[in-house]
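Input: a single structure, listed below in structure tokens.
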Protein chains: 4
Amino acid sequence: MSSQPVEDAAPVGRVQRKRGRRVQEILSTAAELFGERGYDAVSLDDVAERLDVTKGSLYYYFPGKDELAVAAIETLGADWTGRLERLAATAEGPPHERLRALIREHVAIAVGEYPAALRLFLVPSTWPDDPRERIKELRRRHDQVFRGVLEEGLASGEFAVTGLETTLQCMHAAMAQAPLWCGGLESDARERALDELADTLVKLVAAAQ
Amino acid sequence: MSSQPVEDAAPVGRVQRKRGRRVQEILSTAAELFGERGYDAVSLDDVAERLDVTKGSLYYYFPGKDELAVAAIETLGADWTGRLERLAATAEGPPHERLRALIREHVAIAVGEYPAALRLFLVPSTWPDDPRERIKELRRRHDQVFRGVLEEGLASGEFAVTGLETTLQCMHAAMAQAPLWCGGLESDARERALDELADTLVKLVAAAQ
Amino acid sequence: MSSQPVEDAAPVGRVQRKRGRRVQEILSTAAELFGERGYDAVSLDDVAERLDVTKGSLYYYFPGKDELAVAAIETLGADWTGRLERLAATAEGPPHERLRALIREHVAIAVGEYPAALRLFLVPSTWPDDPRERIKELRRRHDQVFRGVLEEGLASGEFAVTGLETTLQCMHAAMAQAPLWCGGLESDARERALDELADTLVKLVAAAQ
Amino acid sequence: MSSQPVEDAAPVGRVQRKRGRRVQEILSTAAELFGERGYDAVSLDDVAERLDVTKGSLYYYFPGKDELAVAAIETLGADWTGRLERLAATAEGPPHERLRALIREHVAIAVGEYPAALRLFLVPSTWPDDPRERIKELRRRHDQVFRGVLEEGLASGEFAVTGLETTLQCMHAAMAQAPLWCGGLESDARERALDELADTLVKLVAAAQ
DNA sequence: GATGAATGAGTTTTCATTCAT
DNA sequence: GATGAATGAAAACTCATTCAT
């Protein structure tokens, strides 16, 4: 469509990088908004305004609202899951300690960095089909991290659960709500609330003594 | 609106009753839809179509979308909370049994009668101010029922929690998600899933033995 | 985001000017229609159709019907009053001549350029609050011009009135009706009608000889 | 449809009279509202509510909004013109006295009894064709009364005008606006304002002395 | 790359009108 | 006679999408 003569040599030129940066800005802003308000309640005007560009520009980078939403979810998810996976891989100590650490990290990311984006882990129905699938996928990947630790703990006999799936569901559900009641707290109170949440959820896997 | 046997004093004639019935039809349909999809994703055309009337008719009964939503939430909530309250009042046995019964009933109502309306107990933000307040209020009343049983169990030493509020939040969060993973199951599998859920959540209050 | 109908001074680029021109087109069309038929009887579709655009475009420039109406009134008023004020400032001769000139100009503008918009000087009630206030304001400014000449004439003894306010009211009322009976006339007949109107109204201030 | 045995004898029976009374109530209420707000801004619900009946009932008496409006105007007009005609016929004194009396009576009826209905004498365009014609007709009849006195005065040389039509138009226009600036006044102040108005308008026909 | 402008389909809301009872 | 109920057309407003520049 456009014509940049010698362009094949450098596959990632200055221009590409700049484009990449722009895309990232857009995605993180979009993730914020979709996380806060859900799909329907966010208009492209909202996104554009927060970025201080025009709606039209968004269409230069994304073919439509759905695709923007999908990409936003994906980016957010990649970062997020990556950090959890790294934590799961490096954390020391008994499964019970590691589970606690995962829970705290998960919610800390949510509350601190993607305010309200945890919502994405619930409420799938109002989203269009495509984004919805991505959300499920994202959730599966998160699940996987937690499932790993749980299975370890179960294998070693440190954990006991009524049902693995059910336990995972309950954990995720509770974590997804956390920003709603921790979001407004001052940093100290918030830390305490998160500790309490982690302690409470760990009870779900407590082996009867 | 309700039905008190000897009632001739109040001019609740045939007409009034008929209107009442119609309003109820509308409300339960609206509650269904709003519960399923949330506020934004439901248009008055959707509601009207499911009732097989025209949009205009809805305006004969309600002044607007918000008011319809509020009324729907209120009706649904009144029925729901009522049943839980009655159960809490009449249930026998140790707190731990009664809590289990409450959880099962709560989720059973949701899954069976108000498919997906449990969503209302989460996700407040996308709703307009007025309905949002009603939703919060509804949640508070539900909370009250569970809180009562929890406090009893704590007083008697049968329960132990890290934090009462946090525990309640986790319970509600988990219950609110239940329809998403139990909704599709066959009746047998579903029963088992609900049992498992109840057992899992009861662990949240288990006193270390 | 969009819709600053009344432009500020400084950064007026090509784009701004183009926008300004468009806004002016819209405003004058709207002023025409609102003047002709009043607020209720004009739909945005009417305005859009006369401009040969879609309703949606209007919302690109103005946030709503009220705001469009207000802006239209304001623009129309600014032009109109400006011309009267200039005439009042430059007109020569005895007050009686100048009053006559003002009346003729006032009605000529109305009949010729804003067909029927004189209506705006009457009929306050059917308009929403905000536009109504603007209309009153507009009227006050017109009043001021006429009042000035009247006071001069009274001071010099050339005029005599029963009551200043009443006289002004009568004048305005009569002028506002003029398009209704002069509007349809051929240019010659119309000129004569306007002359007659001016002569008739000047009698209101005639000093008894 | 119903069966009242001996009923054919009296063509205007009890029933007819009752109907007549009901129709009168409706008409005067409608006249009030249409006078106050104009055609568009009055809904049949408004009329029905002020009468404390249902919209449906209005359709029992009138085939539609237009017809109701026409009838309302007609009734109001009949009463009004009748009183003016009687006054014109019986008033004593020089034309100038009689004109003054007519003006005062006309405006007094408007301000006192049909608040704001004087509006009907202006602003015809927003009304549907049929009612508009009736309004014009009503106006013509009023005109006739004033025209009569004016012609008398002209014939006797007591009056002098620039143009008869123009003078009549100006008078009506001014009178039609009167409620707007006299309506809010206390009874004393209002009397004085009406006197002033009459005096001012009489100047329109003053013969140069 | 980016923007302003325009569009058209869809949503909420209003209201004159009809009709069975 | 009168009412409650329902309808459908039209109006205000929103917003994802397109496009020329």
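Letters A, B, ... are given to chains in the order of the sequence lines, protein chains preceding strands, and every chain is numbered from 1. Here the structure is a predicted model, which is why all the values come from computation and not from measurement.
Considering only the side chain of Tyr60(C), dA5(E) comes nearest among dT7(E), dC13(F), dA5(E). Nearest nucleotide to the side chain of Ser57(A), out of dA6(F), dA2(E), dT12(E): dA2(E). For Leu44(B), whose side chain is taken as the heavy atoms from C-beta onward, the closest listed nucleotide among dG1(E), dT17(E), dT12(E) is dT12(E). Comparing dC15(F), dT3(E), dA6(F) by their nearest atom to the side chain of Val53(A) picks out dT3(E). Side chain of Arg22(A), nearest nucleotide from dT12(E), dA16(F), dA2(E): dA2(E). Side-chain proximity of Tyr59(D) to the nucleotides dA16(E), dG1(F), dA12(F) is greatest for dA16(E). When distances run from any side-chain atom of Arg19(C) to the nucleotides dA5(E), dG4(E), dG1(E), the shortest one goes to dA5(E). The side chain of Asp45(C) lies closest to dA11(F), out of dA11(F), dT14(E), dA16(E).
Taking every heavy atom of both residues into account, Arg37(A) and Ala41(A) meet most closely at O-CB, 3.4 Å.
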message = Run the side chain to side chain contact (heavy atoms under 4.5 Å, CB included) test on Leu51(D) and Leu58(D) for me, step by step, so that the C-alpha distance in whole Å, both residues' side-chain angles and the decisive distance to 0.1 Å come before the verdict.
response = CA-CA 10 Å; Leu51(D) 282 162; Leu58(D) 298 181; 4.1 Å; yes
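The residue from Asp40(B), Val70(B), Asp66(B) that alone fulfils the side chain to side chain contact (heavy atoms under 4.5 Å, CB included) condition with Pro128(B) is Asp66(B).
A salt bridge does not link Lys55(C) to Glu49(C): none of the charged side-chain nitrogens sits closer than 4.0 Å to a carboxylate oxygen. One finds no salt bridge joining Glu25(A) and Lys18(A) here, because no Lys/Arg side-chain nitrogen approaches an Asp/Glu carboxylate oxygen to under 4.0 Å. Ion pairing between Arg50(A) and Glu36(A) holds under the 4.0 Å rule for side-chain N and carboxylate O.
Going from atom CG of Leu58(D) over to atom P of dT17(E) covers 11 Å, rounded to whole Å. Rounding to whole angstrom units, OH of residue Tyr61(D) and P of dT3(F) are separated by 9 Å. When the P atom of dA2(E) is taken as reference, atom NZ of Lys18(A) falls 7 Å away, rounded to whole Å. Atom-to-atom, CD of Glu49(C) to C1' of dG8(E) comes out at 16 Å; the value is rounded to the nearest Å. One interatomic measurement links the two molecules: CG of Asp40(D) to P of dA10(F), which rounds to 15 Å at whole-angstrom precision. Here the C1' atom of nucleotide dG1(E) and the CD atom of Glu25(A) are 14 Å apart, to the nearest Å. Nucleotide dT13(E) holds its C1' atom 12 Å from the CG atom of Asp66(B), rounded to whole Å. Counting to the nearest Å, the P atom of dC15(F) and the CG atom of Leu68(A) are 16 Å from each other.
Looking at Arg22(A) and Val53(A), their side chains come closer than 4.5 Å, going by heavy atoms from C-beta outward.
Between Asp52(B) and Val42(C), the residue anchored closer to the 5' end of DNA chain F is Asp52(B), taking for each the nucleotide with the nearest heavy atom. Along DNA chain E, the nucleotide nearest to Gly64(D) and the one nearest to Lys55(C) differ in position, and the one closer to the 5' end is contacted by Lys55(C).
Taken together, the paired segments of DNA chain F that extend over three or more consecutive Watson-Crick or G-U pairs, each closer than 3.5 Å at both contacts, are E:2-21 with F:2-21.
Looking only at distances, a side-chain donor or acceptor of Lys65(B) sits under 3.5 Å from a matching main-chain atom of Val42(B).
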